[in-house]
Amino acid sequence: MNEKKKIGLQALFLKYLVGYCLYIALILALSITAFMTAIHEGIILPANHIEGLLHERAEQLKAIPFQKELLPAKTSYLLIGKKGESLDTNLNREKAEQLLEMIQTDPAYRGDNPLILSRKDGSRLIIQYPIAAYFADPTLDRIFPHLELMQLLLFIFIFISLALIFAYGFSKRLKKDLTPLLAATQAIQEENLDFSFPPASIREIGDISRALDQLKESLSSSLRSQWNLERRKRAQYRALAHDIKTPLTIIRGNAELLEEGALSNGEKTHLAYIIESTEVIEKYLHVLLDISPSKDENAVKKETFPLAPFLEEVESLGQMLTQVRGQELIVKSKNFPTAFFGDRSLLFRALSNLLDNACEHSPSGSQIQLKIQQSLDGGLTFTLEDQGPGFSSEALKYATDQFYTGELYRSGKHYGYGLYLVKQIAEIHFGKIILSNRAEGPGALVTLQVLGNLTDESIRDRSI
């Protein structure tokens, strides 16, 4: 954008302020013109209209007898005799007595701008009238009895409405130029430097955009190297933790089985060392698993893979985990497709976590059921049911949060990472994880739902 066409922030504010003042002045001028035209056409009667009529008819009102029909509408009167008594009035009794008392106390009373006429028979006529413009048509006057107040409220409404409209326009203009800056900072947080700044119409924001663009170019190489290094580290941590966790569980399980046999004291001592050491290593693995899967395209490798071999691997892993703990795995599957689109490694990792959790929290001799079926939307639903203590009410709400321990959400052996990772993997596949407890007897019920054959674009198309 040409620099000459850009405007400074201060000038932009003054532009909106001047425009607002001009609009207010224009509306005020139009209101006054309309009001004066209405008075000229006789639609509205001026504030001194009643006063003028009373002065015109003053001599007639002084005449005998008293002709009250000469009094204009909206007037109140009190006719006082020579001795100060009330002869006639259209006021209610209380107001008439108050006005009479004031006149008797102070003969020169001029409160509420009354007109006091001394009549030919020695009586006095006190007339009270409003000094305010009003509609000449009785129907309009009845609907809008306080014309001037209505005008004031209408002007205040227009004043506030215009202020909101101009404030919205000013903020929209700012937002248009600030949105690319906010998008750029978000992109940097997501380790993405492939962004550019469109031309800004506000000079100061344009200067900031150019400075950020130059900074991006200067730091691009070093930041990309650093981010790539961090990604490789996370990938290595994930691979290491994933590769070690399952065989370590099997080693510990077999060691515990050997411990139940006839062994010498020395052999039992060595087995105890093995079991204790595996428990320590498992704690370290939980810390490594805190490094959650990244949602960027470099870390997530989605592809179409055959489903039957994948489910066989999951069942085989489940059989190993349950056998070493003296448990029974029951797998029920139906109506699943021949292939699935997703990250095979991440899905296997999620199911490994769920199976390991179920086995770890279930007693020896119990059953663990894994149900696999195709959902109505073409995805897969994995339901894992165990016979452990189940989830506490607190864990049902927070067990999928990172670092949740909940003392500790079932057996005290979790460090708040496993279910959080499963939730992350589910979201990568546009699904979710649902925690509940079994309806019949103790035990947890965990449902993992994932969608297949979908991309980010197709998900957005569904939500429109």
Side-chain angles (χ1 to χ4, degrees), residues 21 23-82 84-162:
C21 293
Y23 268 95
I24 291 294
L26 177 62
I27 291 173
L28 185 60
L30 290 175
S31 300
I32 294 173
T33 303
F35 185 76
M36 297 305 295
T37 302
I39 290 177
H40 184 267
E41 297 295 329
I43 299 173
I44 296 176
L45 300 176
N48 63 346
H49 177 72
I50 296 177
E51 185 178 24
L53 289 177
L54 288 173
H55 283 291
E56 289 177 6
R57 301 173 184 176
E59 292 303 320
Q60 292 174 284
L61 291 170
K62 293 178 182 180
I64 306 298
F66 173 50
Q67 303 177 60
K68 58 183 177 184
E69 62 272 10
L70 294 175
L71 292 171
K74 294 180 172 288
T75 58
S76 303
Y77 71 92
L78 174 63
L79 183 60
I80 303 175
K82 294 179 181 180
E85 74 278 14
S86 174
L87 299 178
D88 193 8
T89 184
N90 63 351
L91 295 169
N92 60 47
R93 182 176 178 180
E94 182 180 354
K95 289 185 177 180
E97 290 177 353
Q98 289 178 353
L99 181 57
L100 185 61
E101 183 180 352
M102 283 188 262
I103 293 295
Q104 291 173 345
T105 304
D106 181 11
Y109 171 72
R110 287 294 181 271
D112 296 330
N113 296 316
L115 176 63
I116 302 177
L117 299 175
S118 298
R119 303 179 73 244
K120 295 178 180 180
D121 61 354
S123 63
R124 287 185 296 170
L125 178 62
I126 301 171
I127 306 171
Q128 292 181 327
Y129 55 91
I131 301 178
Y134 62 95
F135 282 106
D137 184 88
T139 303
L140 289 176
D141 185 54
R142 186 170 58 254
I143 297 173
F144 305 106
H146 305 288
L147 178 59
E148 294 177 348
L149 177 61
M150 183 189 72
Q151 288 178 307
L152 177 61
L153 293 177
L154 180 61
F155 183 77
I156 292 174
F157 172 77
I158 295 174
F159 182 86
I160 296 175
S161 298
L162 277 178

Value rounded to 0.5 Å, distance of CZ in Phe135 from CD1 in Ile43: 8.5 Å
Spacing of Leu71 atom CG and Leu125 atom CG [to the nearest 0.5 Å]: 6.5 Å
Side chain to side chain donor-acceptor pair (under 3.5 Å) involving Asn90 - partner list, sequence neighbours excluded: none
Side chains of residues 136-148: which donor-acceptor pairs under 3.5 Å do they make with residues two or more places apart or in other chains?
{"residue": "Asp137", "atom": "OD2", "partner": "Thr139", "partner atom": "N", "Å": "3.0"}
{"residue": "Asp137", "atom": "OD2", "partner": "Leu140", "partner atom": "N", "Å": "3.1"}
{"residue": "Asp141", "atom": "OD1", "partner": "Lys74", "partner atom": "NZ", "Å": "3.4"}
{"residue": "Asp141", "atom": "OD2", "partner": "Lys74", "partner atom": "NZ", "Å": "3.0"}
{"residue": "Glu148", "atom": "OE2", "partner": "Ala133", "partner atom": "N", "Å": "3.2"}

Nearest-0.5 Å distance that lies between atom OH in Tyr23 and atom CD1 in Ile158: 13.5 Å
Residues 49-65, side-chain donor-acceptor partners within the protein, below 3.5 Å, at least two apart:
{"residue": "Glu51", "atom": "OE2", "partner": "Tyr129", "partner atom": "OH", "Å": "3.4"}
{"residue": "Arg57", "atom": "NH1", "partner": "Leu70", "partner atom": "O", "Å": "2.6"}

Residue pair Glu97, Glu101: steps toward the side-chain contact (heavy atoms from CB on, under 4.5 Å) verdict: CA-CA 6 Å; Glu97 290 177 353; Glu101 183 180 352; over 6 Å; no
Leu78 versus Ala96, closest heavy-atom pair with distance: CD2-O, 4.0 Å
Results of side-chain contact (heavy atoms from CB on, under 4.5 Å) for Ala34 - residues two or more places apart only: none
Residues which pass side-chain contact (heavy atoms from CB on, under 4.5 Å) with Glu69, listed by chain and number, not counting sequence neighbours: Gln67
Value rounded to 0.5 Å, distance of CG in Asn92 from OG in Ser76: 9.5 Å
Distance, nearest 0.5 Å, that separates CD1 of Ile156 from OG of Ser161: 11.5 Å
Pairing residues for Gln98 by the side chain to side chain donor-acceptor pair (under 3.5 Å) criterion, not counting sequence neighbours: none
Partners meeting salt bridge (charged side-chain N to carboxylate O under 4.0 Å, His left out) with Lys95 (sequence neighbours left out): none
With Tyr77 via side chain to side chain donor-acceptor pair (under 3.5 Å) - residues at least two apart: Asp88
Qualifying residues under side-chain contact (heavy atoms from CB on, under 4.5 Å), relative to Thr37, sequence neighbours excluded: Thr33, Glu41
Gln128 side chain near Leu99 side chain, heavy-atom distance below 4.5 Å: yes
For Phe35 against Gln151, the heavy-atom pair lying closest together: CD1-NE2, 2.9 Å
Contacts of type side-chain contact (heavy atoms from CB on, under 4.5 Å), residue Ile32, not counting sequence neighbours: Leu28, Met36
Rounded distance (nearest 0.5 Å) linking atom CG of Leu162 with atom CD1 of Ile24: 4.5 Å
Which residues share a ring-ring contact (aromatic ring centres under 6.0 Å, His included) with Phe155, sequence neighbours left out: none
Thr89: side chain to side chain donor-acceptor pair (under 3.5 Å) partners, not counting sequence neighbours: none
More than 12 heavy atoms of other groups within 6.0 Å of Glu94 CD: no
Exercise: identify the closest heavy-atom pair between Leu79 and Ser123: CD1-OG, 3.9 Å
